[in-house]
Structures are given as C-alpha cells and as structure tokens.
Amino acid sequence: MQIQVDTHTHTLSSGHAYSTIIENAQAAAAKGLKMFCNTDHASLMPGAPHFWYFANQRVLPRFLEGVAVLRGVEANIVNTAGDVDLDHTVLAKLDWVIASLHEPVFKPMTKSDHTEALINAIQSGVIDAIGHPGNPNYDFDFETVIRTAAKNNVLVEINNSSLGRSRVGSAPRCEDIAALAKELGARITTGSDAHFAADVGNFSSIKSLLAHVDFPQELIVTQHPETFLAFLTERGKLVAEQYENHKW
C-alpha cells in the first residue's frame with residue numbers, strides 16, 4: 001500500500017507540539033515522503049497561534065528538504081451550525097483545511113448534535129476533510145456523515161495517532177468508518193497527526209487497518225502527490241499550479 005502524503009502535522013506553534021516545520025520536513029525527507037501539509041491548530045485551541053499565523057503561510061517555501069509543503073490548518077468546529085474558528089477569507093488562501101471536533105472548543109454533546117455539526121461543516125464548502133472522526137467522545141451517524149462527505153467531495157481522515165495513544169477507543173470506530181467509506185465509495189486522507197517530528201509520515205497503524213478492511217487504493221487520495229493535488233484542484237484550489245513542473 002502506497003501513501004506518499006501526510007496531510008496532518010503540527011509544529012510547536014500549536015502550543016502542545018515540539019518540532020519546527022524544518023524539523024518536520026527533515027523527518028519527512030528521511031522517510032521518503034513526497035509531500036506533507038502544515039496543519040497547526042486554529043486559534044480557539046488553547047495555546048494555538050493567532051490567525052495571522054495562517055494568513056502569513058504564503059512566506060513558506062513550496063519545498064523544504066526536497067519535500068513539498070502545503071499550507072494548511074486544523075480548524076475547530078465550534079457549534080452545531082458547523083462553523084469553524086478561522087475567517088473564511090483566510091481559509092480561502094490556504095491549500096488545505098481540516099475541520100475537527102476538539103474537547104476544549106466543542107464540549108461533547110449528543111450523537112445527533114455531533115452529526116449535525118459534521119454535516120453542516122461538510123456542506124459549508126470551506127473545509128476539505130473531517131479530522132480524526134473516530135474519537136469516541138463524539139459519536140455520530142457514520143453512514144449519514146460519510147455519505148454527505150462523499151456527495152460534497154470532502155475527505156474522511158484516517159488518523160494514525162487515533163489508532164495508538166490518542167483518543168483512546170478510536171481504533172474500532174476507525175475500522176468501521178473505513179469499512180463504510182469503502183462500501184459507499186468515499187475517499188479518504190491519511191494523517192500522522194504528528195506532534196513531534198519523528199512521527200511525521202508514520203502510517204504504520206493506518207496501513208494495517210486499511211489492509212484489514214481491504215480498502216481500495218484508488219480511494220486513498222494521499223497515495224501520491226499527483227492524486228492529492230488533483231483532489232485539491234477538484235475543490236477549486238489552485239495549488240497544483242505551484243508544482244506543475246515538478247517530476248515526482
């Protein structure tokens with residue numbers, strides 16, 4: 001199984017991560033990764049950076065240590081209306097937007113509330129993926145949300161950290177989500193959710209899970225930079241133009 005893009009990484013700017021973006025790039029290069037997304041937490045997460053941090057990502061080079069770098073965010077879903085904590089004018093300038101439910105920002109509610117929040121976030125048109133949906137603190141209607149994601153061309157994330165030490169209890173739920181995504185033809189993205197450089201590009205648990213459910217390679221958008229960039233083009237993002245002359 002080929003996965004060459006890590007779409008979920010954090011730097012020390014998130015406030016509870018421990019590496020710089022250059023250290024993340026060095027780790028990515030050492031593992032043979034072709035591309036990674038810089039996705040620090042948006043501003044309502046305790047310790048997260050000011051929105052200027054995200055607006056100013058244009059200063060980041062398109063390659064570090066020979067690895068392609070995409071400019072992104074892990075935004076917080078803040079209410080059942082599906083709103084996120086970053087202005088739409090800033091979101092529109094980013095290459096990649098994950099939206100996630102986090103306990104310090106969105107207090108866990110009912111299954112119905114979580115389902116409503118995720119559906120509205122997906123249908124908002126401003127997010128590209130739902131982050132770590134396996135979290136057992138945020139139960140939701142898997143089929144309804146995954147169908148909505150597929151219909152709106154929004155990816156479902158399989159998160160390596162959720163399959164290990166984070167969000168305990170996520171693993172069986174992630175397996176069910178992956179199996180249902182396969183059944184419904186929904187595409188997925190793969191994120192290490194690295195909060196330390198050594199974890200960038202770590203997809204070991206993801207690969208085991210996807211192999212277990214016999215997940216089709218063609219539904220893994222992160223299998224190659226070209227498939228990922230093609231997805232972003234579908235989403236109306238112009239970032240592929242930045243890499244059009246690069247031979248992967």
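What you see below is based on every heavy atom in this structure, not just the backbone, and it leaves out hydrogens, waters and symmetry mates.
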Quiz prompt | Side-chain donor/acceptor of Gln223 to backbone N/O of Ile220, under 3.5 Å | solution = yes
Quiz item: Just by distance, with hydrogens left out, do Asp40 and Ser14 show a side-chain donor and acceptor under 3.5 Å apart?
Solution: yes
Quiz item: So, for Phe63 and Tyr243, is the gap between ring centers shorter than 6.0 Å?
Solution: yes
Quiz item: Within the side chain of Asp6, is there an N or O that forms a donor-acceptor pair under 3.5 Å with the backbone of Thr9?
Solution: no
Practice problem: Treating Ile, Leu, Val, Met, Phe, Trp and Tyr as nodes and any side-chain heavy-atom pair under 4.5 angstrom as an edge, say whether Leu184 and Phe231 lie in one connected cluster. | Solution: no
Self-check item: Centroid separation His102 to His132 less than 6.0 Å
Solution: yes
Self-check item: Asn38: which of Glu74, Gln57, Arg71 passes side-chain hydrogen bond (donor to acceptor under 3.5 Å, both in side chains)
Solution: Gln57
Quiz item: Any side-chain donor paired with an acceptor under 3.5 Å for Asp113 and Thr110?
Solution: yes
Quiz item: Any side-chain donor-acceptor pair under 3.5 Å between Arg187 and Asn153?
Solution: yes
Practice problem: Would you indicate whether His16, at its atom NE2, is surrounded by more than 12 heavy atoms from other residues, nucleotides or ligands within a distance under 6.0 Å? | Solution: yes
Practice problem: Decide yes or no on side-chain contact (heavy atoms from CB on, under 4.5 Å) for Leu33 and Val5, but give the supporting numbers first. | Solution: CA-CA 6 Å; Leu33 209 63; Val5 183; over 6 Å; no
Quiz item: For Ile158 and Ile188, which heavy atoms make the closest approach, and how far apart are they?
Solution: CG1-CD1, 3.9 Å
Quiz item: For Ala197, does its backbone N or O pair with a side-chain atom of Ser19 as donor and acceptor, under 3.5 Å?
Solution: yes
Quiz prompt | Evaluation steps, salt bridge (Lys or Arg N to Asp or Glu O under 4.0 Å), between Asp95 and Lys237 | solution = CA-CA 7 Å; Asp95 303 325; Lys237 307 291 181 76; over 6 Å; no
Quiz item: Heavy-atom distance under 4.5 Å between the side chains of Val73 and Val84, does that happen here?
Solution: no
Self-check item: Where Val154 and Ile130 come nearest, the two heavy atoms and their spacing
Solution: CG1-N, 4.2 Å
Quiz item: Are the side chains of Ser192 and Ser161 in touch, meaning some heavy atoms are under 4.5 Å apart?
Solution: no
Quiz item: Do the non-hydrogen side-chain atoms of Leu86 and Leu94 ever get within less than 4.5 Å of each other?
Solution: yes
Quiz prompt | Heavy-atom donor-acceptor pair, Asn202 side chain to Ser204 backbone, under 3.5 Å | solution = yes
Quiz item: Just by modelled atom types, is the Pro216 backbone N or O under 3.5 Å from a matching donor or acceptor in the Lys182 side chain?
Solution: no
Quiz item: Side-chain donor-acceptor pair under 3.5 Å between Asp193 and His10, yes or no?
Solution: yes
Quiz item: If you count the non-hydrogen atoms of other residues, nucleotides and ligands that lie under 6.0 Å from CD1 in Ile22, is the total more than 12?
Solution: no
Quiz item: Where is the tightest heavy-atom contact between Val156 and Pro133, given as atom of each residue plus distance?
Solution: CG1-CG, 4.0 Å
Quiz item: So, does Asn120 use its side chain to make a donor-acceptor pair with the main chain of Asp83 at under 3.5 Å?
Solution: no
Quiz item: Does the side chain of Thr222 come within less than 4.5 Å of Gln4's, by heavy atoms?
Solution: no
Practice problem: Evaluate the side-chain proximity of Phe142 to Arg173: yes if any heavy-atom separation is below 4.5 Å, no if none is. | Solution: yes
Quiz item: Side chains of His224 and Gln2: do they bring a donor and an acceptor to under 3.5 Å?
Solution: no
Self-check item: Stepwise salt bridge (Lys or Arg N to Asp or Glu O under 4.0 Å) test for Glu143 and Arg147
Solution: CA-CA 6 Å; Glu143 182 170 356; Arg147 280 190 186 278; 3.0 Å; yes
Self-check item: Distance-only polar pair, side chains of Thr189 and Thr7, donor-acceptor under 3.5 Å
Solution: yes
Quiz item: Are any of the side-chain heavy atoms of Phe106 and Val78 separated by less than 4.5 Å?
Solution: no
Quiz item: Do side-chain atoms of Lys31 reach the backbone of Ala198 as a donor and acceptor pair under 3.5 angstrom?
Solution: yes
Quiz item: Hey, does the side chain of Asp141 reach the backbone of Thr144 with a donor-acceptor pair shorter than 3.5 angstrom?
Solution: yes
Quiz item: Linking I/L/V/M/F/W/Y whenever their side-chain heavy atoms sit closer than 4.5 Å, directly or via other members, would Phe51 and Ile77 fall into one cluster?
Solution: yes
Practice problem: For residues Phe140 and Tyr138, establish whether the separation of their ring centroids is below 6.0 Å. | Solution: no
Self-check item: Shortest non-hydrogen contact from Phe228 toward Leu70
Solution: CE2-CD2, 3.4 Å
Quiz item: Hey, does Val97 have a side-chain heavy atom less than 4.5 Å from the side chain of Val126?
Solution: no
Self-check item: For Ala42 against Asn76, the heavy-atom pair lying closest together
Solution: O-ND2, 3.5 Å
Self-check item: Close side-chain approach of Ile98 to Glu157, heavy-atom, < 4.5 Å
Solution: yes
Quiz item: What is the minimum heavy-atom distance between Gly185 and Leu219, and which atoms define it?
Solution: O-CD2, 3.8 Å
